[in-house]
Amino acid sequence: MEGELAHIGAGIAALGTGLAAIGVGNVAGNFLAGALRNPSAAGGQTATLFIGIAFAEALGIFSFLVALLLMFAV
Amino acid sequence: MEGELAHIGAGIAALGTGLAAIGVGNVAGNFLAGALRNPSAAGGQTATLFIGIAFAEALGIFSFLVALLLMFAV
Amino acid sequence: MEGELAHIGAGIAALGTGLAAIGVGNVAGNFLAGALRNPSAAGGQTATLFIGIAFAEALGIFSFLVALLLMFAV
Amino acid sequence: MEGELAHIGAGIAALGTGLAAIGVGNVAGNFLAGALRNPSAAGGQTATLFIGIAFAEALGIFSFLVALLLMFAV
Amino acid sequence: MEGELAHIGAGIAALGTGLAAIGVGNVAGNFLAGALRNPSAAGGQTATLFIGIAFAEALGIFSFLVALLLMFAV
């Protein structure tokens, strides 16, 4: 049994990256549902859309960062 | 017991790829639900649809990338 | 105890393939719910339906690819 | 079998980071759904949006912090 | 195999921190959904919002505390 335990940890961290995609999908999905119901208001909420995506995406990228650190830095 | 621990990690990372598909499905599903209720507004939100899919898909591809790195690079 | 650890990883990766089916089902399910409420608009959204399915399916196929690589390539 | 058990722990902690993204996505998604239904009230709730995102994001960052501590401090 | 089993426990405890963020997101998201539907009543419920966030956040912080204790105190 070769390999390091950190490699299993990197795989689990990548799982966290996938979970964050559910959060991102939640933000974008709700924006689309609302924007198609009231298209005239969609332009004014685009900034909020990107803020929401950015915060959720950041957590996914933190998780990806942990996976990279576990593979190459520790 | 042969094989490396990294191979289990690659499998778990592929699980994250699948989870990201739930986020992508959430975006596209909400777009379709809204577009069929108000078809005239669908054209104006196509750009937002692709933005939402791209951010969620990116996290899934990060997860796939971790799986590839665990199999071939570490 | 024969067999390789990679075989466990392939099984977990196949789990990710199944999770992606939830995303695909979400897209197609929302399309059907909307198309049955407003059948005259369904024709114009067929292209979006296939785009949504394709992106979610792609993540499931990536996961399937990891399972195949774990069984035959590593 | 090299490596430390703490590396598996770091991967699991990164999973918590991804889970927090679902909470962040929930806050931002509900704000967008409401703001597109009633755009004139959206400005008055922006502070609440950031408070909600901040509290959920903080928990994700705590989880990320545990991952970093497990990799580099213990 | 170096390291202590407590380090895996710390990672799992951090997973609880992330799960608590889903609860926080649920509280803040529902407040925002209601406040944007009836903005004039939102001011009177701000105290309840913070109570709800505080209780959910506290559980996440307890989970974070368990992770810290497992890393440094036991």
Side-chain angles (χ1 to χ4, degrees), chain A residues 1-49 51-67 69-70 73-74, chain D residues 1-43 45-46 49-50 52-74:
Chain A
M1 192 153 69
E2 305 163 19
E4 297 189 20
L5 287 172
H7 294 166
I8 292 183
I12 300 174
L15 193 56
T17 307
L19 278 168
I22 298 179
V24 172
N26 215 353
V27 176
N30 273 304
F31 177 83
L32 284 168
L36 288 167
R37 194 177 293 124
N38 184 7
S40 63
Q45 298 301 322
T46 311
T48 316
L49 169 68
I51 289 169
I53 286 181
F55 277 101
E57 188 94 10
L59 290 172
I61 289 172
F62 287 167
S63 194
F64 179 54
L65 185 63
V66 172
L69 288 171
L70 281 169
V74 297
Chain D
M1 192 154 69
E2 304 163 20
E4 298 188 20
L5 287 173
H7 293 167
I8 293 184
I12 300 174
L15 193 56
T17 307
L19 278 168
I22 298 178
V24 171
N26 216 352
V27 176
N30 273 303
F31 176 84
L32 284 168
L36 288 167
R37 193 178 294 123
N38 184 6
S40 63
Q45 298 300 322
T46 310
L49 169 69
F50 282 106
I53 285 180
F55 277 101
E57 189 94 9
L59 290 172
I61 290 173
F62 287 166
S63 193
F64 180 53
L65 185 62
V66 171
L68 290 180
L69 287 171
L70 281 169
M71 282 191 288
F72 300 114
V74 296

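Chain letters run A, B, ... following the sequence lines, proteins first, then strands; residues in each count from 1.
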Next item on the list: Go through Val27(D), Ile53(D), Thr46(D), Ile61(D) and name the one with the most non-hydrogen pairs under 4.5 angstrom from chain A.
Entry: Ile53(D)
Check: Checking Leu65(A) against chain D: side chain, backbone, both or neither under 4.5 Å from a heavy atom?
Finding: side chain
Margin query: Please classify the contact of Ala35(A) with chain D as side chain, backbone, both or neither, using a heavy-atom distance under 4.5 Å.
Written below: both
Check: Which heavy atom in Met71(D) sits nearest to a heavy atom in Val66(A), and how many Å separate them?
Finding: CE-CG1, 4.0 Å
Next item on the list: Could you tell me whether a side-chain N or O of Thr17(D) sits under 3.5 Å from a main-chain N or O of Leu59(A), the two making a donor and an acceptor?
Entry: no
Next item on the list: Look at Thr48(A), Leu70(A), Leu69(A), Ile8(A) and state which one has the largest set of heavy-atom pairs under 4.5 Å with chain D.
Entry: Leu70(A)
Checklist line | Point-to-point distance, once rounded to the nearest 0.5 Å, from CG of Leu19(D) to CD1 of Ile22(A) | finding: 8.5 Å
Next item on the list: Select, from Gly52(A), Ser63(A), Gly29(A), Ala42(A), the one with the greatest count of heavy-atom pairs under 4.5 Å involving chain D.
Entry: Ser63(A)
Next item on the list: Determine the interplanar angle of the Phe55(A) and Phe50(D) rings, folded into 0 to 90°, and report it as parallel if under 30°, tilted if 30 to 60°, perpendicular if over 60°.
Entry: perpendicular
Notebook entry, point to check: Where on Leu49(A) is there a heavy atom nearer than 4.5 Å to chain D: the side chain, the backbone, both, or neither?
Noted result: both
Check: To the nearest 0.5 Å, how far apart are CG in Leu32(D) and CG in Asn30(A)?
Finding: 7.0 Å
Check: Where on Ala67(D) is there a heavy atom nearer than 4.5 Å to chain A: the side chain, the backbone, both, or neither?
Finding: side chain
Next item on the list: Between chain D and each of Ala58(A), Pro39(A), Gly23(A), count heavy-atom pairs under 4.5 Å; write down the option with the most.
Entry: Gly23(A)
Item checked: Minimal non-hydrogen separation, Leu36(D) against Gln45(A), with atom names -> CD2-CG, 3.7 Å
